[in-house]
Every structure is written in structure tokens, then in C-alpha cells.
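Worksheet: the structure to be examined is printed underneath.
In what follows, every heavy atom counts, from backbone to side chain, and hydrogens, waters and symmetry copies are set aside. Chain letters run A, B, ... following the sequence lines, proteins first, then strands; residues in each count from 1.
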Amino acid sequence: MSSEIKVTVNGTARAVPAGIRVREALEGAAGRDVIAARVNGKLYDLNRSLIEDATIEPVAAESAEGIDIIRHSTAHLMAQAVQTLFPGTQVTIGPTIEDGFFYDFAPPTPLTVEDLPRIEQKMRELAKADLKVERVEVPRAEAIETFDRMGEHYKVEILKGIPEDRVSLYKQGDWMDLCRGPHVPSTRYIRAFKLTSVAGAYWRGDEHNAMLSRVYGTAFASKEALEEHLRMLELARTRDHRKVGREMGLFLFDPIAPGQPFYLPKGLVIFNQLVDYMRRLYRRYGFDEVITPQIYKNELWHSSGHWDNFRENMFLSPDPEAHDSAVDRDAEGWRHGYGVKPMNCPGHTFVYRAEKRSYRDLPLRFAEFSRLHRAERSGVLHGLTRARVMSQDDAHIFCTEAQIEDEVASNLTMVREVYATLGFDRVEFKLATMPDQHMGTEEQWRMTEEKLASAMRRNEIAFELNPKEGAFYGPKIEIYVPDALKRRWQLATIQLDYNMPERFDLTYTTSASGEARPVMIHRAILGSLERFIGVLIEHTGGVMPLWLAPEQVRVLSLSEKVEDYAGELAALLKRHGFRATADIRNEKLGFKVREAELAKVPYMVVVGEREAAARQVSLRLLRGSKGQTLELAGLIEMLNAEPIPA
RNA sequence: GCCGAUGUAGCUCAACGGUAGAGCAACUGAUUUGUAAUCAGUAGGUUGCGAGUUCGAUUCUCGCCAUCGGCUCCA
């Protein structure tokens with residue numbers, strides 16, 4: 001090894017002594033905001049020594065990589081604080097996540113939220129102490145011995161699973177952790193963080209393993225960025241659909257029916273408007289709507305595979321006519337009993353089989369909005385976004401192999417149209433490919449995956465791969481939508497299914513008078529109406545476009561004298577097809593305006609004696625302009641001009 | 001289901017080992033109102049449910065139910 005190496009920074013190469021630290025090698029390029037560096041493409045600590053020629057790029061704290069490093073270092077800082085405060089606590093893993101980090105601990109007694117302020121305080125002390133973060137490489141066997149001596153059994157288990165002979169340890173003060181790195185040069189670089197919650201989490205995500213205490217937190221390069229993030233979280237809290245739904249009188253939940261919403265009149269307006277919208281699209285895109293039974297004999301679920309794969313999530317009932325309706329679900333009474341459908345697909349195969357199908361009939365597109373019930377485990381319920389009953393804008397397309405691409409392409413066009421209409425302007429697509437457990441040959445899979453990819457390319461859709469995440473019966477396109485609060489939701493999916501047609505022995509007559517098996521495409525665009533409405537409420541904060549607004553116009557009367565005029569106006573608006581009400585209560589205008597604003601009524605129409613005399617209205621828009629005076633015809637015209645998607 | 005927390009009036013919250021209180025909402029009355037809360041009064045609770053400890057439980061303990069934050073699963 002020569003005693004000099006060549007480093008290239010910002011395109012300028014120079015010779016430096018071997019063993020120089022990255023920070024020194026960067027020289028002037030390392031400003032105060034640089035926390036790490038990319039060395040020959042790999043992330044390095046600033047404190048790490050260089051032993052060979054290198055091209056070095058500084059990594060700024062604010063960059064995506066920089067923030068990730070800060071979060072990881074903050075997780076370490078937190079672990080150090082926790083182990084200092086709670087002796088006997090073992091550390092496990094502490095990765096960064098989408099907008100923060102967590103660390104799983106095995107403490108003598110579970111951590112609680114009350115512990116967070118103390119932990120944060122200790123973290124601040126440790127950060128202030130400006131502990132140098134040092135990387136040490138040791139043989140794996142030595143690391144195992146070290147952690148074993150420390151009583152860190154989880155770390156030992158992790159180490160045993162690492163293939164490399166040498167591993168890196170990070171030390172700060174008297175604390176040490178196994179870590180790939182890189183990290184900030186010293187704890188002083190960690191200045192903007194907040195611990196957000198504690199939760200139980202299983203070791204390695206397996207419920208058979210020990211329950212650990214997971215502490216979530218977040219960290220940013222600057223206090224300002226942290227505060228911005230906390231503001232977003234606060235906004236998310238105020239927009240929580242469970243809260244907004246109650247305030248706006250859209251739906252309610254009651255312990256008498258866990259996980260199932262009671263749609264109140266106003267909430268059902270939104271539901272029905274969405275369904276109507278999809279029905280209009282179905283006419284244009286060639287879908288036929290059907291309604292299939294809600295409750296089937298369990299023979300169906302045996303055929304479809306749901307009995308084996310989905311039974312835990314189904315509401316089952318013994319045969320009410322059986323003499324012995326045993327409570328044991330494996331007993332005969334249950335096997336020959338009934339199950340409430342959790343999906344529409346098996347039912348649709350019967351619609352397909354209603355006639356002998358020919359290639360000329362295909363593609364057949366059956367849509368259904370029926371309610372589906374799934375016995376979700378109690379701990380996962382979450383308002384409308386995770387319910388036990390839902391209606392999907394579900395459809396199953398039966399087509400030939402050759403038609404797959406066209407059908408998928410057409411549905412992708414529909415997906416984009418729907419999301420653009422509903423105000424989700426960014427949509428992300430992923431292609432989930434063959435999982436390890438799958439039916440059919442690898443060759444078939446590659447071919448059909450290519451069809452899905454090609455359909456996306458035809459729509460000029462850029463997509464990522466989601467390797468091995470397809471269903472066992474076919475690949476799928478996963479569609480993600482980020483909402484106004486920067487959270488990603490998966491609502492829509494398009495899935496190919498070779499399994500269901502097989503199980504129900506579906507066939508069609510080919511042009512050569514032969515028999516062939518159709519392919520089934522499962523697809524939903526809004527996904528479940530319930531979840532979609534929940535997401536829509538949080539996306540919009542409850543402020544709906546006119547066509548979705550439960551109450552579109554509210555006429556606010558100024559005094560008893562114009563009560564009749566207000567009532568007449570509301571009636572007129574209703575005749576024109578609008579959802580209008582009149583607020584003729586004995587209250588001041590300011591009070592009525594406030595209530596209409598809180599109810600998020602898009603159009604407020606104020607009438608006093610002036611307006612009544614001239615047969616006009618004074619218009620106020622939700623969170624917008626006020627005081628515009630209009631003739632009645634002008635008002636109707638204005639309302640009619642609002643877009644209603646077709 | 002598992003871990004942690006919570007459950008008091010329709011809603012938001014207070015109280016506390018000694019017969020539960022406020023604001024908003026509701027109802028009644030006064031006020032007749034000009035673009036985000038007019039005033040006064042009335043009514044409203046087996047403190048989630050069930051046990052236990054105690055002279056006495058909303059308060060302490062246990063079980064159940066539900067909810068919240070996660071795990072897991074998924075639309």
C-alpha cells in the first residue's frame with residue numbers, strides 16, 4: 001500500500017496521505033452542514049479513514065441521505081438514553097422509516113408514553129455533550145463475544161445472521177451498538193428531534209416472538225423542518241375522518257356493531273354520489289352491473305379457496321335449519337353452514353356461467369357495489385379506513401389471454417380519470433411480480449407481467465417493480481395515491497387471476513370451436529367506498545366539491561320577515577336538483593354563517609329585506625368571497641356551471 | 001388476536017375513597033338580527049358492563065366490551 005492516495009473532490013484531484021479522514025480529505029468542501037460523504041459511491045462517516053484512491057462527494061444534512069443519517073443517529077442517541085435511564089434494557093433494531101425512526105427495546109418493564117419526556121431530556125444532554133461517534137471494525141466472532149458479555153442477546157442473534165466476517169460497531173461515549181452506519185460525526189449534530197409514541201412490536205415482526213417496546217420518533221436537519229413536520233401531524237389530527245365525520249354528521253360508530261359505520265343521511269350522500277359517478281363511467285367503459293348473493297353455502301368457499309385461505313376473516317353461520325348447530329367451527333354444522341361474502345369474485349363466476357360463453361362474448365365486465373364483510377381482528381379497526389363492512393367499486397373482467405393488455409390499459413385510463421376528477425393529482429404505480437409461492441410456470445408469469453407492463457407503457461405510466469409481491473394466482477398493479485397530508489394510500493388494484501377460472505372450471509368456445517379458459521381480472525378503482533371516503537375527508541379536510549357536498553346550498557335568513565322568501569328559495573333550489581336547506585332559526589346572521597362554515601356548505605345564500613324586495617340573493621362562498629349580489633336565475637346558472645364529472 | 005393507553009351528559013373536558021361539574025349542543029323565553037358564537041332560564045348522567053376490596057367506589061383491584069397508538073393483516 002502506498003503512503004499516498006489520490007482523492008477527487010468536486011472534480012479536482014490531489015494527493016493526500018493514506019489514512020486521512022474523510023473530513024480532512026474534503027477540505028473546504030465540508031461546510032458546517034456536511035454530515036457525511038459519498039466515497040466511491042458508498043456512504044462514509046466523516047471520521048472514517050481513507051486507504052485507497054477515492055472520489056468524494058459531501059452529503060449535506062438537508063439532503064434525503066443526510067436526513068436519513070441524522071434519523072439513524074438519533075435512533076442511536078435514543079437507545080443510548082434509554083439504556084442509561086433503564087438499566088437492564090436490551091437493544092434490538094433501530095431503523096429509519098418514512099418520516100422518522102424507531103428503535104425496539106427489550107426493557108425489564110415496558111416503556112410508556114410517560115417515559116418519553118425523560119428520554120428526550122437525556123437525549124438532549126447526550127447531544128449537548130458532543131460525544132464523538134466512532135466507527136470500529138472488528139471480526140464478527142469478537143463482536144458476538146462482546147455483545148454476549150454485555151447481555152445483549154438480541155444483538156448476538158442479529159450478528160449470527162450476518163454473513164460477513166467483519167462487522168462495524170459505533171461508539172459514542174461509553175455506549176456502543178452494532179451498525180452498518182454511517183452516522184453523524186458527533187452527537188452535537190443531532191438538534192431537531194421529537195419522540196412521538198411507544199407501541200408494542202414483536203421481535204422480527206412475528207407474533208410468536210417476544211413483545212418489545214418500540215419507541216417512535218422523528219428528526220430533521222433543522223428545527224424549522226421539524227416544526228413543519230409537527231404542524232403537518234397536527235393538521236392530520238384535526239382532519240382525522242373519524243373526528244370530521246362526527247362533526248359533520250356523516251356517520252357514526254357504536255360498540256354495538258364494531259367496525260361498521262352507521263351512514264347518516266349526509267354521509268350517505270357522499271357514498272351515493274361516488275357510486276353514481278362510477279355508474280356513469282361504467283356505461284362509458286362498458287361494465288355491466290350485477291348483484292350477487294350476500295350469503296353462500298360454505299361449499300362455495302371450499303371451491304373458491306376462501307375456506308382454506310380466508311376463513312379466519314369471514315363471518316360464518318351454521319345452517320339455521322340444521323338440527324344440531326354446534327358452535328365448533330370445524331363441526332359439520334359449520335362446514336355445511338353459510339358464510340357472508342368477503343369478496344365478490346366467486347359469485348361473479350356464477351354470472352359468467354349463466355350462459356355458455358363464446359370468444360365473441362368476451363370480454364365480459366361485471367361490476368358490483370354489494371357490501372362485503374370481513375371479520376377483521378379487533379385491534380386493526382380504524383374508522384372507515386379499516387372497517388368490517390365495505391362496498392367496493394368492484395369489477396371482474398373475464399377475457400382471453402389476448403385481451404388482457406387492452407383491458408388493463410383501459411382500466412388504467414379509468415384509474416387516472418377517476419383520481420384526477422377527485423383531486424388526487426399524483427398517482428403512483430407498481431407492478432407486483434411473481435411471489436415465491438405461485439401457481440403456473442415462471443414463463444407464464446414473465447409473459448403476463450410483461451402484458452401489465454406494456455399496458456402501463458401504453459398509458460405512458462412510469463412504474464416501479466414490487467418484486468415478489470404479486471398474489472399467488474397472478475401479478476398485479478398496485479396503485480398508490482398520496483394525499484394532501486403526504487401520506488400514501490393504496491386504494492386501487494388491478495390483479496390478474498388464473499386461479500379462480502380454474503377452480504370454477506370456467507370456459508369459453510374458441511373461434512376454432514375448441515374450449516379455452518378465460519382469464520379473470522379483479523379490479524377496483526376507489527377500492528372500498530368506506531376507505532375512499534375516509535381518505536377523501538382527510539385529503540380535503542371535509543371541504544367537498546359541489547357535486548359531493550352533502551349540503552350544497554344553505555339559505556340564511558336575516559330575520560323573521562324574510563322567512564317565507566328563504567323557504568321559497570330553498571324550495572326553488574331543490575326543484576332545480578340541488579341539496580338545499582333554509583336556516584330560518586331565530587339567530588343572528590353571524591351565528592348562522594359560522595354554523596354553515598363549520599358544516600362546510602359550499603354555497604351560503606344570505607337574504608334580508610333588501611334581497612327579498614328585489615328578489616335577489618347575497619352570496620357567500622365557503623372560505624371565500626362574500627357579498628356578491630345575484631338574481632335568482634344567476635344563482636341557478638352559477639350552480640349549474642359547477643363541474644359534475646360524467 | 002398481541003403490547004401500551006383510554007372510557008364521566010349528544011360533543012369537548014373537569015372532579016375525586018364520602019350522594020358528579022363546566023362549556024357547547026338540546027328545550028323554553030326574550031331579542032328581529034347584514035356575513036365565523038345575542039342574552040336568560042330549563043332539562044339532561046346506574047361515571048362502558050360485571051364482579052371484588054371497603055362502613056362507603058366514578059375513584060382501588062380483577063374480568064369483559066369498546067375506543068386510541070402500534071404490531072400483524074389488508075380495500
Just how far, in rounded Å, is P of C74(B) from CD of Q392(A)? 14 Å
Measuring to OP1 and OP2 of C71(B), would you say a side-chain N or O of Y216(A) lies under 4.0 angstrom away? yes
Applying salt bridge (Lys or Arg N to Asp or Glu O under 4.0 Å) to E597(A) and R620(A), what does each step give before you reach the verdict? CA-CA 10 Å; E597(A) 285 278 344; R620(A) 177 191 168 102; 2.9 Å; yes
Quick one: R610(A) CZ to U35(B) C1', roughly how many Å, whole number? 11 Å
The reported gap from CG in L452(A) to CG in L431(A) (rounded to nearest 0.5 angstrom) is 5.5 Å
Between A14(B) and G48(B), how far apart are the two P atoms, rounded to whole Å? 14 Å
Check every strand shown and say whether E530(A) touches a base, only sugar-phosphate, or nothing at a heavy-atom separation below 4.0 Å. nothing
Separation of atom CG in L195(A) from atom P in G70(B), rounded to whole Å: 15 Å
Touch check for A387(A), heavy atoms < 4.0 angstrom, all strands: base, sugar-phosphate only, or nothing? base
Name the nucleic acid region contacted by S213(A), choosing base, sugar-phosphate or nothing; use a 4.0 angstrom heavy-atom cut-off, strictly under. nothing
Please list all pairs passing the salt bridge (charged side-chain N to carboxylate O under 4.0 Å, His left out) test where one or both residues lie in residues 558-570 of chain A, with sequence neighbours left out. K561(A)-E609(A), E568(A)-R615(A)
Using the P atom on both, measure U54(B) against G4(B) and round to a whole Å. 28 Å
So L381(A), base contact, sugar-phosphate only, or nothing? Heavy-atom distance under 4.0 Å. sugar-phosphate
Centre-to-centre under 6.0 Å for Y282(A) and F287(A), is that the case here? yes
For the pair E407(A) and R365(A), find out whether any cationic side-chain nitrogen is under 4.0 Å from an anionic carboxylate oxygen. yes
Looking for any heavy atom pair under 4.0 Å, which part of the strands does E376(A) touch: base, sugar-phosphate only, or nothing? base
Under a 4.0 Å threshold between the charged nitrogen and the carboxylate oxygen, would R239(A) count as salt-bridged to E234(A)? no
Can you find a donor-acceptor pair, distance only, under 3.5 Å between R531(A) side chain and C74(B) base? yes
Centroid separation under 6.0 Å, is that true for the rings of F424(A) and H539(A)? yes
Within the 4.0 Å heavy-atom criterion, would you say Q628(A) contacts the bases, only the backbone, or no part of the nucleic acid? nothing
Given atom CZ of R237(A) and atom P of C68(B), what is their separation to the nearest angstrom? 15 Å
Measuring only the C1' atom in each nucleotide, how far is A36(B) from A40(B)? A whole number of Å is fine. 23 Å
Between A22(B) and A9(B), how far apart are the C1' atoms? Round to whole Å, please. 11 Å
Grab the CG-P distance between N313(A) and A75(B) for me, whole Å please. 11 Å
Paired runs of 3 or more consecutive Watson-Crick or G-U pairs involving RNA chain B, with both pairing distances under 3.5 Å, are B:1-7 with B:65-71, B:10-13 with B:21-24, B:26-30 with B:38-42, B:48-52 with B:60-64
Can you identify which nucleotide, out of G34(B), C71(B), U32(B), has its nearest atom closest to the A201(A) side chain? C71(B)
Hey, do the aromatic rings of W301(A) and Y296(A) have their centres closer than 6.0 Å? yes
Distance-only donor-acceptor test (3.5 Å): side chain E611(A), base G34(B): yes
Base, sugar-phosphate alone, or nothing: which one does R242(A) contact when heavy atoms must sit under 4.0 Å apart? sugar-phosphate
Between G17(B) and U59(B), how far apart are the two C1' atoms, rounded to whole Å? 7 Å
Between C2(B) and G21(B) - C1' atom distance, rounded Å: 38 Å
Using a heavy-atom cut-off of under 4.0 Å over every strand shown, decide if E560(A) touches base, sugar-phosphate, or nothing. base
Could you check whether R585(A) pairs with E595(A) (Lys NZ or Arg NE/NH1/NH2 to Asp/Glu carboxylate O, under 4.0 Å)? yes
Students often get this wrong, so: under 4.0 angstrom with heavy atoms, is R374(A) touching a base, only sugar-phosphate, or nothing? base
May I ask you to verify if any side-chain N or O of H382(A) is less than 4.0 angstrom from the OP1 or OP2 atom of G70(B)? no
Would you please confirm or rule out a distance under 4.0 Å between OP1 or OP2 of G70(B) and any side-chain N or O of S197(A)? no
Atom NZ of K588(A) to atom P of A30(B): distance rounded to whole Å? 17 Å
Assert: residue with more 5' nearest nucleotide on RNA chain B, out of L212(A) and L526(A), is L212(A)
Nearest-neighbour nucleotide for the R594(A) side chain, A66(B), A36(B), A75(B) considered: A36(B)
How do S618(A) and V198(A) order along RNA chain B: which one's closest nucleotide is nearer the 5' end? S618(A)
Proximal nucleotide (of A66(B), U35(B), U32(B)) relative to the P255(A) side chain: A66(B)
Is K592(A) touching bases, backbone alone, or none of the nucleic acid, heavy atoms closer than 4.0 Å? nothing
Does any donor atom in the side chain of S618(A) or Q628(A) lie under 3.5 Å from an acceptor atom in the other side chain? no
Interatomic distance where CZ belongs to R246(A) and C1' belongs to C11(B) [whole Å]: 7 Å
I'd like the P distance from U6(B) over to A75(B), given in whole Å. 34 Å
Base, sugar-phosphate alone, or nothing: which one does G379(A) contact when heavy atoms must sit under 4.0 Å apart? base
When you measure from the side chain of V380(A), which nucleotide among A36(B), U72(B), U32(B) comes out closest? U72(B)
Ignoring hydrogens and geometry beyond distance, is the side chain of Y202(A) in donor-acceptor contact with the base of C3(B) at under 3.5 Å? no
Determine the sole option in E478(A), K476(A), K430(A) for which the side chain to side chain donor-acceptor pair (under 3.5 Å) test with N466(A) is passed. E478(A)
For R620(A) and A36(B), is the shortest distance between a side-chain N/O and OP1 or OP2 below 4.0 Å? yes
No-H, no-angle donor-acceptor pair, E597(A) side chain to A37(B) base, under 3.5 Å: no
If you look at every strand shown and take non-hydrogen atoms under 4.0 Å, does L491(A) touch a base, only sugar-phosphate, or nothing? sugar-phosphate
Which is true for F532(A) with a 4.0 Å heavy-atom rule: it touches a base, it touches only sugar-phosphate, or it touches nothing? nothing
Centroid-centroid under 6.0 Å between F105(A) and Y103(A) rings: yes
Closest of A25(B), G34(B), A36(B) to the F591(A) side chain is A25(B)
Whole-Å distance separating the NZ atom of K243(A) from the C1' atom of C68(B): 15 Å
Using the C1' atoms only, state how far C24(B) lies from C62(B), rounded to an integer number of Å. 37 Å
